[in-house]
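Since the structure comes first, as C-alpha cells, the remarks are kept for the end.
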Number of protein chains: 2
Amino acid sequence: MKPRVLVVEDERALVTMLRYNLEKAGFAVAEAFDGEEALLRVAEWKPDVVLLDWMLPLVSGLEICRRLRRSREARALPILFLTARSEEMDRVRGLDTGADDYVTKPFSPSELVARLKALIRRSQSGAGADRLLCADVAIDLAQHRVTRGHRRVHLGPTEFRLLSHLMRHKGRVFSREQLLDAVWGDDCEVEARTVDVHIRRLRKALNEGGASDIVRTVRSAGYAIDEPERAIPG
Amino acid sequence: MKPRVLVVEDERALVTMLRYNLEKAGFAVAEAFDGEEALLRVAEWKPDVVLLDWMLPLVSGLEICRRLRRSREARALPILFLTARSEEMDRVRGLDTGADDYVTKPFSPSELVARLKALIRRSQSGAGADRLLCADVAIDLAQHRVTRGHRRVHLGPTEFRLLSHLMRHKGRVFSREQLLDAVWGDDCEVEARTVDVHIRRLRKALNEGGASDIVRTVRSAGYAIDEPERAIPG
DNA sequence: GGCGCCTGTCACAGAACTGCAATAGAAGGC
DNA sequence: GCCTTCTATTGCAGTTCTGTGACAGGCGCC
C-alpha cells in the first residue's frame, strides 16, 4: 500500500509542485490549506506522515503540531516541517516543538522524498521498544516497572513519566518548560520549579541504597539523564 | 539503503536462523563467530547495529562491548545483547555494560527485529547535528556538554554560550562588544572588560591538564577560536 | 470519616555563578 | 630603555539558581 502523506501548505503553486513530486515518488497525497483543515484530514484520512508548513494562515504550524501531539491517535504521527529560512529553522530546532524533522525552503524534491521515507520507516519500525536501559536502570514500559540493578524502584506516576521521557532521550538536556510540556502536558499550568521537586523525588527513589546519581543538573538549562562516563557519542 | 546488522554468535545454527529472519526483515547481515572477528567486522563493515551474544569463545560479549565503547567510531554504535536466561539478563542489566538493550533466549524473531529497528531508529534520531568540533574540543548542544579529548569539561552557563558562539564562527575574531551582544544579549549592561574574565575562566576550564590553548587573543580587536596549526600557506 | 498516597507550592539554606575592581603582566611605539 | 596601551589574573561580594524539607489539598479506598 502506498504511504500516505498529508501536505499542509497554503501556497497553491507549491502544493501542486509537491503533489507532482510526491506522487511520482509513490506517495498517496492529500492536501490541506490551513490548520483546521489539516486537523480534520488527519482524523479522517489517517496519513502516515504530515508535511507541515511553518507559516500558515489562521493557525500556525507550530500550533497544529502541538495539537496533534496532544491527541491520542496522532501523537506518534511523524511530522516534517517546511520552514522558510535558517532563522526559523533555528526556532524549530531550538524549541522542542515535537517535530520529527524539518526541511528549509528552497529544498530539492528528492531530498524531501528521502526524508519523508526515512520518517515513515522510522515510525513504522515498531512503536518503540517497550524497554529502556541506562546504566543499571531499566524501565519496562509495558509492565510499568523500574529497576535499579536488582532492586525494584517504586515511582509515582509523574516520576515514572518523567524518567521515561528523560531516558527515551538519553543524554539530552530538557528545560523545565520542555519537561512540563512533555510530561505534564502542553497546557498544564504548573510552576516550573515543581519540576525540581519531582526530580528530587526521582533521584531519591533511584539512589536509595547509595547508588550514584544518573540525573544531571545543568544549571540554568535543565536536567538530563546520562549514561555515566561515556564521552560524547560521535 | 538497508540497515546493516552484525551478528556475533558462535552457534552456527543460530546464526543461520538469525540471518534468515533478519534478511527477510530487510536487514543486510554480516557474521562474526568470535570477539576478535567481531571487532574487525565492525571496523571494516560499519554496521548500524550489533547483535551480540553474551557467551562467546575467547573474548566475552561483555569485553567486546567494552572495547567498542572505548573506540572512537564505535562508541555510539547500538548494541543488543543476546543472553541465555534471566540470570544473565540480570548481569547485563546490573553491570554497567553499555548495552542498549537485551533479548533473552529463547526469543521470537519478530521481537528481535522490532528491537533492532527501535535501536537503529533511536540512534539515528539521537545523533543530532547539534555538535560543534574544533581540534579536540567538542560541544554537544543538545546534551549541553563539552569535552576536550576524552575529558569532560565543566563550564558555567556563560562560558558555555561563549564557547558555543566562538566555535560556531570558528576562526572569526569578535570584539568584546560583539561578544556582549551575542552572548550576554543585545541590551545587557556589562563592562566590556568582563568578557576578559569569562575568557579566562573558559581557558582555565579547557586547558586544565596542560592542553594547548585554542582561544586566540587579538590585541586591540578581541578573541577568536581557531583550528590549530594550519599555517596560512604562502 | 479516616487513611494512605500523590501532587504542587513555598520558604529557607546552600551552592554555583557573575561582574567588578585592583593589581600584575605583556606588547608595541618611540 | 621607557612609556603607553592593552590584556591576564585574582579575590571578593552580590546575585541567581538549585536542593531540600515541610505542608496542605485532592483523590481513591476501606
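In what follows, every chain begins at residue 1, and chains take the letters A, B, ... in the order their sequences are listed.
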Send over the distance from A/R161 CZ to C/dC6 C1', rounded to a whole Å.
-> 11 Å
In terms of the nearest nucleotide of DNA chain D, which residue is placed more toward the 5' end: A/R176 or A/K204?
-> A/R176
Look at B/H198 and D/dT9 and indicate whether a side-chain polar atom (N or O) is within less than 4.0 Å of OP1 or OP2.
-> no
How is B/F160 classified with respect to the nucleic acid when contacts are heavy atoms under 4.0 Å: base, sugar-phosphate, or nothing?
-> nothing
B/D196 CG to C/dT23 C1', in whole Å, measures 14 Å
When rounded to whole Å, the CD1 to C1' distance for the pair B/I199 and D/dT10 reads 17 Å
May I ask you to decide if the ring planes of B/H198 and B/W184 are parallel, tilted or perpendicular, using 30° and 60° as cut-offs?
-> perpendicular
Among B/I64, B/L6, B/L62, B/L80, which residue meets the side chain to side chain contact (heavy atoms under 4.5 Å, CB included) test with B/L52?
-> B/I64
Hey, is the side chain of B/R219 poking within less than 4.0 Å of OP1 or OP2 on D/dC6, counting only N and O atoms?
-> no
When you check the phosphate oxygens OP1 and OP2 of D/dG19, does a side-chain N or O of A/R200 lie under 4.0 Å from one of them?
-> no
Could you give the CG-to-C1' distance, from B/L155 to C/dC17, as a whole number of Å?
-> 12 Å
Within this structure, what is the CD-to-P distance between A/E191 and D/dT18, rounded to whole angstrom?
-> 14 Å
Does the side chain of A/Y223 get closer than 4.0 angstrom to OP1 or OP2 of D/dC17 through an N or O atom?
-> no
Under 30°, 30 to 60°, or over 60°: which ring-plane class applies to A/F174 and A/H169, parallel, tilted or perpendicular?
-> perpendicular
Between C/dC17 and B/T158, is there an OP1 or OP2 to side-chain N/O distance shorter than 4.0 Å?
-> no
Taking the side chain from A/R151 and the backbone from A/L206, do they hold a donor-acceptor pair closer than 3.5 Å?
-> yes
Looking at every strand, decide which applies to A/T194 at a 4.0 Å heavy-atom threshold: base, sugar-phosphate, or nothing.
-> base
Atom-to-atom span, CG of B/L162 to P of C/dC17 - whole angstrom | 15 Å
Heavy-atom donor-acceptor pair, B/R193 side-chain to D/dT7 base, under 3.5 Å = no
Counting just side-chain N and O atoms, does A/T217 come under 4.0 Å of either OP1 or OP2 of D/dG19?
-> yes
Can you tell which of C/dC20, D/dG19, C/dC6 lies closest to the side chain of B/V197?
-> C/dC20
Atom CG of B/L132 and atom NZ of B/K170: how far apart are they, to the nearest 0.5 Å?
-> 8.0 Å
With distance as the sole criterion, is a donor-acceptor pair present between the side chains of B/R203 and B/T217 under 3.5 Å?
-> yes
Do the side-chain N or O atoms of A/R201 get closer than 4.0 angstrom to the phosphate oxygens (OP1, OP2) of C/dT7?
-> no
A/W184 side-chain N/O to C/dG8 phosphate OP1/OP2 under 4.0 Å = yes
Please state how far atom CG in A/L180 lies from atom C1' in C/dT9, giving the value in whole angstrom units.
-> 13 Å
Taken to the nearest whole Å, CD/B/E189 to P/C/dT18 is 18 Å
Mind checking B/V190 for me? I need base, sugar-phosphate or nothing, with any heavy atom below 4.0 Å counting as a touch.
-> sugar-phosphate
